[in-house]
Number of protein chains: 2
Amino acid sequence: MAASTLTEVARLAGVSPATASRVLNGSARTPGPDIAERVRKAAESLGYIPNAQAQGLAKSSSGLLGLIVHDIADPYFSAIARGVQDAAREQGKMVLLATTGGTPADERAAVAAFAARRADAIVIAGSRSNRPADQDGNAGLAAELDRYCRNGGRVGVVGHPVVGASASEGYHVVAVPNEELAAELARELAANHSGEFVIIAGPEGLLTSDDRVRGFQNGLAVAGRPPAEVMHSGFDRAGGYEAGQLLAARIKARQTSDSAASRLCIFAVNDVMAIGAAAALRSEGLRIPRDASVAGFDDIETLRDFRPELSTVRLPLEEIGRLAAMGTAGDSTADGGAAAAVTGQVTLRRSTETDPRG
Amino acid sequence: MAASTLTEVARLAGVSPATASRVLNGSARTPGPDIAERVRKAAESLGYIPNAQAQGLAKSSSGLLGLIVHDIADPYFSAIARGVQDAAREQGKMVLLATTGGTPADERAAVAAFAARRADAIVIAGSRSNRPADQDGNAGLAAELDRYCRNGGRVGVVGHPVVGASASEGYHVVAVPNEELAAELARELAANHSGEFVIIAGPEGLLTSDDRVRGFQNGLAVAGRPPAEVMHSGFDRAGGYEAGQLLAARIKARQTSDSAASRLCIFAVNDVMAIGAAAALRSEGLRIPRDASVAGFDDIETLRDFRPELSTVRLPLEEIGRLAAMGTAGDSTADGGAAAAVTGQVTLRRSTETDPRG
DNA sequence: GAGCGGCGGGAATGCGCTTTCCCGATTTCT
DNA sequence: AGAAATCGGGAAAGCGCATTCCCGCCGCTC
C-alpha cells in the first residue's frame, strides 16, 4: 500500500498531472484559483505526500545536504552539526549524516554515497590529516571530491582544505585561525607563567593539532620563551589522560627533587584532551592550578561547568557549522575557494591562574 | 556536467543498460565474467556513481533512515545518534537528521519530510509530551506516523510510544525503565540520607520527566519517606540552574535559622539539569555534597569528569539508539509494537556522599 | 537428428514527478 | 475589426534505473 501519487490526485481533481504538479509544488505558473483549490482538496483527502526521490530525479537536485564528521557524539562535532542543521533548515534542505572516525577512506566513501544521493552540497568537518598512512586515502578523497564538484556539487570544509584537492570552484572553506589563536593563548599564558610549557598534541599529521602546536610555539617565541616540549597522543580524552599520567609522574618527581620548581603549564590542543589530562593529574593527587596549569582549546559548552574552569580558546562552533553550510548555497562562483572568516577568543579562567588558592 | 549514467557506461562497454545494471548493482542474474569485467572497467573509467534517487524510485526503497531528535548538540541525543548511526551503517543505510526542539508540530513535519524521501524507517528520540498545549500537535504527529506506517514505513521510538498513536504494525518502542530506575535511585539515596528530598523536574507533561518523578516518589514511599517537593523548570541546564538558585536561597535560610538542619538531597531528572543546579548552588557559595546532595539521571559521558562526581543512573544511550534503529529492520510483524528491553544502573558517586569532606 | 529446456543477453515498460511544447480561448494593440 | 500577444490548461517526453518479458542460442535427451 504505497502512498498516493500525483497522478491519483490529478485524477481525483479532474485535472492533468501537469496541473496538479504546478499547484502542489511551487511552479512559475500558477493555475487558476478554483482549480488550485480543487487540487489542493484532492491532495488533502488522499493524504498526498510528494515523492522527493521522483522530484529529485526530475529536477536533478535533491534538497539534501551531506555532513561528514568524525563522531557525532563528540561535543565538538555535535555543536558544528547543530549549526549545519540550522543552516540547512533555513535553506529548506535536510541533512544526511555520515560519521567516519576521521579515516580518509571512509570519508571518501561518504562523499561517494552523498554523490550517489545527489546531495546538493557536502560539509566536511573534522581535522584533515597529513599522515603518511593517510596519503592514499587523502588522494582518493580529493579525487572523489573533485569529481563531485565537477558534477556541480558544492562542498564546504571546516578548517583546512582537503589535502591535495584542487581548488576548483564549488569549494568553500571556513578557515579557523587555529594558529593565530594558539599563539595568542601562548602569549597570554606566558605573561603570567614563569614556568615551563608542555604541549599535549594529537597524532602528528593531524592538521588542526599541528596548527595549534605551531601557533603556540610561535607565541611562546614571541614572548621570549623556549619552545615547549610536545607530547603526541590521541586526539580525545583518553589521549589527554594518557599524556596527563606521564606528566603527573614528572611533576611529582620535580616537586620532590626541587621544591622551588615553578609550575608546569600544560596546553592540550583541545578541550576534551585537556579534561583528560586534568583528570589524570587529579587521580595522581595533583591539583589544578596549584600544581600545574592546564589550558585547552574549543571551549566546549558542556565542559564549561568543569572545575577548575578551563582556560581555553572559544571557538564559535555552531557559527562555523552555519558558515560552512551557508557557503555552499548561492551561485557557485561567488567565492570559488574563498574562505569565510571566523574568529575565536582566548578565554583565561581558573585552570591557569597563577595565584593558586587551590 | 552531470555525473555519468548507467546508459553511458553500457554504451561504452557495448552492452545494454539492462546488462550493465545487472553487473553493477547486485542482481539475481549475473552476466558472464567477460562481460561483467568489461562493464566494470567502463564504469570505472567513467567514474560512474549510481543515482540512488533513480534506484530508489525504481525499486521504491531509499536506504534512508530518518532520525528525529530535539537537539543534536545535546549530549543525550548525540549519544543516541551515535548508536543509530552505527546501526544504520550496519544495515547499509544512511541517516537523515532532523532536529525539532521537541515540538510535536515540527516532529510531524519531520516525519512528513522523511515520508516524502521514502525513508525506510524513522527513529524518534526525545521525550514525548503530554501537555495540553501539545494536544493538537501530538494528534497530528500520531496521524502522520500512522500514515507512514500504513504505507509500509517502520518506526522506532525511544522511551514512550507516541501519544495517541495506534499501535499498528511497523511500530517498535525501546522502553526505558525510567520509573523503576528512579525508584531504585530514591531507595538507595534514602538509605543514606536522613534529610529532605527535592525534585527538580522538567515541564509538567514531559513524559520522561514525569516518569522519573513518579518513580522517585514511589521509591521514597517504599523507603518510608514523605513525598519530595517537585519544582518544575526547563528540561535543560538553564532550567536546572534556575531551580538551583531557588534552592540555594532556601538552603542558606535554613542553615542560619536551624543550624542542625539536615542536608537537602536534590534529584534533578537529568544530568544537565543536575549540573545546572550544582552550578547555581556553587555560585551561591554552597558546596556539594557538604551543603546538599545532588543526583542526576542519564550518566552523560562528557559530564563524568565533573566534580564532585555526579550520582546518577547510567543509561546505555548508544545502545538505546542502536536498538531503536535495529528494531526497524527485519520483517515487519516480528515484534509489532513490542518493546526492546534496556536496563540502566544506579550509580552513586561523590555528589551524594553523606560523609562530606567537601 | 529433431525437440526441448535453460541460459545469456536485449528491448521495453514503469517508478512519480517536472517541464517543455503545444493548442484553443481570451485579451490587447494598431 | 483583424492580428498578435497572452493565458490557462493538457499531452508527452524525459530524469536514471530496475525488471519483466522475450528471443536466440547452446547443449541436452530420446
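Letters A, B, ... mirror the listed sequences (proteins, then strands); counts begin at 1. Just so it is clear, the model here is predicted, and its values are computed rather than measured.
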Looking at side-chain heavy atoms only, is the closest gap between B:R154 and B:H172 below 4.5 Å? no
Which residue pairs pass the ring-ring contact (aromatic ring centres under 6.0 Å, His included) test with at least one member in residues 7-47 of chain A, sequence neighbours excluded? none
OP1 or OP2 of C:dC17 sitting under 4.0 Å from any side-chain N/O of A:S21? no
For B:I49 and D:dC15, give me the distance from atom CD1 to atom C1', rounded to whole Å. 17 Å
Give the intermediate values and the outcome of salt bridge (charged side-chain N to carboxylate O under 4.0 Å, His left out) for residues B:R128 and B:E107. CA-CA 11 Å; B:R128 304 296 89 215; B:E107 297 184 321; 2.8 Å; yes
Counting only side-chain nitrogens and oxygens, does B:Q55 get under 4.0 Å of the OP1 or OP2 atom of D:dC17? no
If you look only at pairs with a residue in residues 51-70 of chain A, which of them pass as a ring-ring contact (aromatic ring centres under 6.0 Å, His included), with sequence neighbours excluded? A:H70-A:F77
Distance-minimising heavy-atom pair for A:Y171 and A:V157: CE2-CG2, 4.0 Å
Show me the pairs that pass ring-ring contact (aromatic ring centres under 6.0 Å, His included) and involve residues 7-58 of chain B, at least two apart or across chains. none
Value in whole Å for how far the P atom of C:dG16 lies from CZ of B:R117: 17 Å
Please give, in whole Å, the distance from C:dG16 C1' to A:N51 CG? 6 Å
Could you list the residues that satisfy salt bridge (charged side-chain N to carboxylate O under 4.0 Å, His left out) with A:R131, not counting sequence neighbours? A:D134
Check against side-chain contact (heavy atoms from CB on, under 4.5 Å), A:Q85 and B:L97: CA-CA 8 Å; A:Q85 165 86 36; B:L97 187 63; 3.6 Å; yes
Take the protein atom CZ of B:R11 and the nucleotide atom P of D:dC17, then report the distance between them rounded to whole Å. 12 Å
Check whether any side-chain nitrogen or oxygen of B:N25 sits under 4.0 Å from OP1 or OP2 of D:dA18, and answer yes or no. yes
Whole-Å gap separating P (D:dC15) and CD (B:E8): 10 Å
Please write out each protein N/O paired with an N/O of nucleotides 7-10 of chain C under 3.5 Å, distance rounded to 0.1 Å.
unit_1, atom_1, unit_2, atom_2, d
C:dG9, OP2, B:G32, N, 2.8
C:dG9, N7, B:R29, NH2, 2.1
C:dG9, O6, B:R29, NH1, 2.6
C:dG9, O6, B:R29, NH2, 2.8
C:dG10, OP1, B:S16, N, 3.4
C:dG10, OP2, B:S16, N, 3.1
C:dG10, OP2, B:S16, OG, 3.1
C:dG10, OP2, B:T19, OG1, 2.3
C:dG10, N7, B:R22, NH2, 2.9
C:dG10, O6, B:R22, NH2, 3.1

Note the angle between the end axes of the helix from C:dG1-D:dC30 to C:dT30-D:dA1, five pairs defining each, rounded to 10 degrees. 40°
Would you be so kind as to tabulate the donor-acceptor pairs closer than 3.5 Å made by side chains of residues 36-47 of chain B, with sequence neighbours excluded?
unit_1, atom_1, unit_2, atom_2, d
B:R38, NE, B:A13, O, 3.0
B:R38, NH2, B:A13, O, 3.2
B:S45, OG, B:A42, O, 3.1

For B:R11, all residues meeting salt bridge (charged side-chain N to carboxylate O under 4.0 Å, His left out), sequence neighbours excluded: none
Looking at DNA chain D, which of residues 38-46 of chain A put a heavy atom within less than 4.0 Å of it? none
Among residues 56-65 of chain B, which ones have heavy-atom contacts with DNA chain C below 4.0 Å? B:L57, B:A58
Partners passing salt bridge (charged side-chain N to carboxylate O under 4.0 Å, His left out) against A:R118 (at least two apart in sequence or in another chain): none
Side-chain donor-acceptor pair present, B:T100, B:T103, cut-off under 3.5 Å: no
Could I get the full list of salt bridge (charged side-chain N to carboxylate O under 4.0 Å, His left out) partners for B:R22, not counting sequence neighbours? none
